[in-house]
Protein chains: 2
Amino acid sequence: MPADKNNTEVTIYDIAEALDVSPSTVSRSLKNHSSISSDTQQKVKEQAKEMGYRSNIFAKNLRRKKTNTLGVIVPKLNSNFMSSVIAGMEKVANENGYNLIISQSLETAQKEASNVETMFESRVDGLIVSLAYDTEDYSHFDPIIENNIPLVFFDRVAYYKSAANIIIDNFKAGQQAVTHLLKQGCKRIVHMTSNLARNVYEDRFRGYKQALEDYDIPFDPKYLIQNDLSNQAGQQAAQQILSMDPLPDGLFVANDTCAIACMSTLQDHGIKIPEDIAVVGFNNDPISSFVNPKLTTINYHGNEMGKVVIRNLISHLNGDNNIAMTNTIILNAELIIRESSVKAS
Amino acid sequence: MPADKNNTEVTIYDIAEALDVSPSTVSRSLKNHSSISSDTQQKVKEQAKEMGYRSNIFAKNLRRKKTNTLGVIVPKLNSNFMSSVIAGMEKVANENGYNLIISQSLETAQKEASNVETMFESRVDGLIVSLAYDTEDYSHFDPIIENNIPLVFFDRVAYYKSAANIIIDNFKAGQQAVTHLLKQGCKRIVHMTSNLARNVYEDRFRGYKQALEDYDIPFDPKYLIQNDLSNQAGQQAAQQILSMDPLPDGLFVANDTCAIACMSTLQDHGIKIPEDIAVVGFNNDPISSFVNPKLTTINYHGNEMGKVVIRNLISHLNGDNNIAMTNTIILNAELIIRESSVKAS
DNA sequence: ATCTTTTATGCAACCGATTGCGTAAATTTA
DNA sequence: TAAATTTACGCAATCGGTTGCATAAAAGAT
């Protein structure tokens, strides 16, 4: 007895024929429509299972004009943070019958725009974005907004038209990090960050300045280093720091991996961490507790953020607009103190 | 003049009406069908653009029974390797008009199976998988295979039915890594790895044993440590290593991040790397060159692997079966020697 | 000028599920 | 028992492209 030939997909018409009922009845039974007797529903479901029926999602989408698919665009996937965010998103999405399409902008506005277009063509029911490094113009989101497709930014956000934002309190986190360094006695604190047009970096920078101000230390622009926070940039920044006179005694980097690259290079040049320079990173990447010295950092609840994003989006799609779009949701983040920043007193 | 109401999507019928031609002509013009005069094609395309037409992908998929979507299931996204693989995949896929649906199995066979089901329901044209840690039974792939959906495994593969495999030569890489340690004078080399049912780990282990044999050193099972290669496992393994007498003098770990966690813990206990124990990792994660000492490792061309996977899959889908499925493709990988393994001689 | 080919286009069925509306049968109410 | 409801189901249009087949018009051949 050969297995069923493929290609011959079972449809509701086949089930209807086998049971001598109408396709409508099959369709309704399969979705527990109240107007079909439970007896009939039972029979239909059994028959469907027996015949190996699977619903044709395209026919459904075509008719319903809804895809139950959400698009996600992130700069890069290669961090523990992003992986956690995605895991959180997938969990809540799947629980609610939604699927995710994920893509990377690789930190360029150009690829981001092309990804948005693809998502648009794919007719996602909602779009979720963490912005690329160099996105400055947001008009590539206009087709999304004009077609009333809900748009949610997370982490790297933009206050753009009707988009919702989900972030941590970067200002507070930055302030905490730098206050901690100041408490360790640091006076000359370098802040390494990225494009200040990105909220995450601007807010952390504001937190940095606020902390300095709280301690009556004037902000010195030469202590602000801006780059793309890559590993290579971290190494270069180390050179820049080494050339400063007097040497800085504190370093707050807006990203763990870059902090580690920088720290490693500083150590290669004989700098002692934290004795000479105390260091604080950002993100609490797992690696931060395995470098020497272990890195003080800001912990980020990626998984939770992912869940909140999807919950918010789905409740919007359902019309349960308890949490309105065009709103900003702020999640917690906390300072984790490890060896890299604690000076013996 | 208010902007177009949404919801009223432009269809080929609207274009046909506006131009007083048939929908067939519009459809054919839009795909450059040769039987439509270039004059008409031109007009149709202009009109389409002017009216803001976008093709309805569901109608198309429903009719064509093809989704131009490929499913990708990976254990976790949070590594540089995976991120690179995905980037490579996306590039080639997009160039060929395919989209990717990506999901994480989070290293469990259970979630992997549920992801496969989701992909199946989504009617992906092809499925790409890197197996979870504990997948031992492969029957969840049967619906895929029975429906003639091409299945490609990469990195963590299985020789299962008609699936194709794309891997690096893990045996050779393992052998190279361990031979390198032996050349440094190591005699008691620990190998930390994971589930040997996974090809990547089994093959590396075979390479390890081969290298030992080449140097006439008998394999001692007590030097084989198996765990899930998590950071925590790396720490625990360090304790285990510290309790060995005599102390091992070499360590080959099947994963960089775990190697780093282990190395870090060993250092916390006063072990000098590489003097006391020389260490080699696997994957060439960027972080490996920023730890102290910098980690010797095996470099993996993730981006290239991703591209090869998709190229192979698409050429199969196109029927250009130059590279047959049910085949194994082996890519290069090479040893990168850094400080962690080089003993002063 | 007539016949054959080629070119350009239209017709209409089809993909598979959804759903508003209508109605026969069963049940309840008067 | 007749009338009013309720229950259970079917009809047929619809979603928006795709494509095999037919055909009118134009071009070429004889």
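It should be emphasised that the depicted structure is a prediction, and the values quoted were computed from it without experimental measurement.
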Which is more 5' along DNA chain D, the nucleotide nearest B:Ala59 or the one nearest A:Ser38? Just name the residue.
A:Ser38

Would you please confirm or rule out a distance under 4.0 Å between OP1 or OP2 of D:dC9 and any side-chain N or O of A:Thr25?
no

Hey, are B:Asp137 and B:Ser139 close enough side-chain-wise for a donor-acceptor pair under 3.5 Å?
yes

Output for pair (B:Asn327 CG, B:His316 NE2), nearest 0.5 Å, gives 11.5 Å

Figure out the OH/C1' separation between A:Tyr53 and C:dG16, and round it to whole Å.
8 Å

Please indicate whether A:Glu121 has more than 12 foreign heavy atoms, meaning atoms of other residues, nucleotides or ligands, lying under 6.0 Å from its CD.
yes

If you go through the side-chain atoms of A:Arg63, does one of them form a donor-acceptor pair with the base of D:dT14 closer than 3.5 Å?
yes

Has the side chain of A:Arg28 got a donor or acceptor atom sitting under 3.5 Å from an opposite partner on the base of D:dG10?
yes

OP1, OP2 of D:dG16 versus side-chain N and O of B:Thr11: anything below 4.0 Å?
no

Polar pair under 3.5 Å, donor/acceptor by atom type, side chain A:Ser24, base D:dA12:
yes

Name the nucleic acid region contacted by B:Ser35, choosing base, sugar-phosphate or nothing; use a 4.0 angstrom heavy-atom cut-off, strictly under.
base

Report the nucleotide, chosen from C:dT9, C:dT19, D:dT18, that has the shortest atom-to-atom distance to any side-chain atom of A:Arg64.
C:dT19

Looking only at the side chain of B:Asn56 (C-beta and beyond, no hydrogens), which of the listed nucleotides D:dG17, D:dA8, C:dA17 gets closest?
D:dG17

For C:dG16, does OP1 or OP2 lie under 4.0 Å from any side-chain N or O of A:Ser27?
no

Please tell me if B:Ser37 has a side-chain N or O lying less than 4.0 Å from either OP1 or OP2 of C:dT9.
yes

Which whole-number value in Å describes the distance from B:Asn61 CG to C:dG16 P?
13 Å

Per atom distances to the A:Ile12 side chain, the nearest of C:dT9, D:dT18, C:dA17 is C:dA17

When rounded to whole Å, the CZ to C1' distance for the pair A:Arg54 and C:dA17 reads 15 Å

From NZ of B:Lys65 across to C1' of C:dC14 the rounded distance in Å is 10 Å

Side chain of A:Ile36, heavy atoms from C-beta onward: which of D:dT19, D:dC9, D:dG16 has the nearest atom to it?
D:dC9

Rounded distance in Å - CG (A:Leu62) to P (C:dT19):
12 Å

Between B:Glu95 and B:Arg311, does any NZ, NE, NH1 or NH2 come within less than 4.0 Å of an OD or OE carboxylate oxygen?
no

What's the CG-P distance between A:Leu19 and D:dC9, to the nearest Å?
11 Å

I want to confirm an ordering. Mapping B:Tyr13 and B:Val26 to their closest nucleotides on DNA chain C, which one lands closer to the 5' end?
B:Val26

Between A:Gln104 and A:Leu77 (side chain of the first, backbone of the second, donor and acceptor by atom type, cut-off under 3.5 Å), is there such a pair?
yes

Centroid-centroid under 6.0 Å between B:Phe153 and B:Phe141 rings:
yes

Given atom CD of B:Gln42 and atom P of C:dA8, what is their separation to the nearest angstrom?
15 Å

Rounded to the Å, how far apart are A:His33 NE2 and D:dT7 P?
13 Å

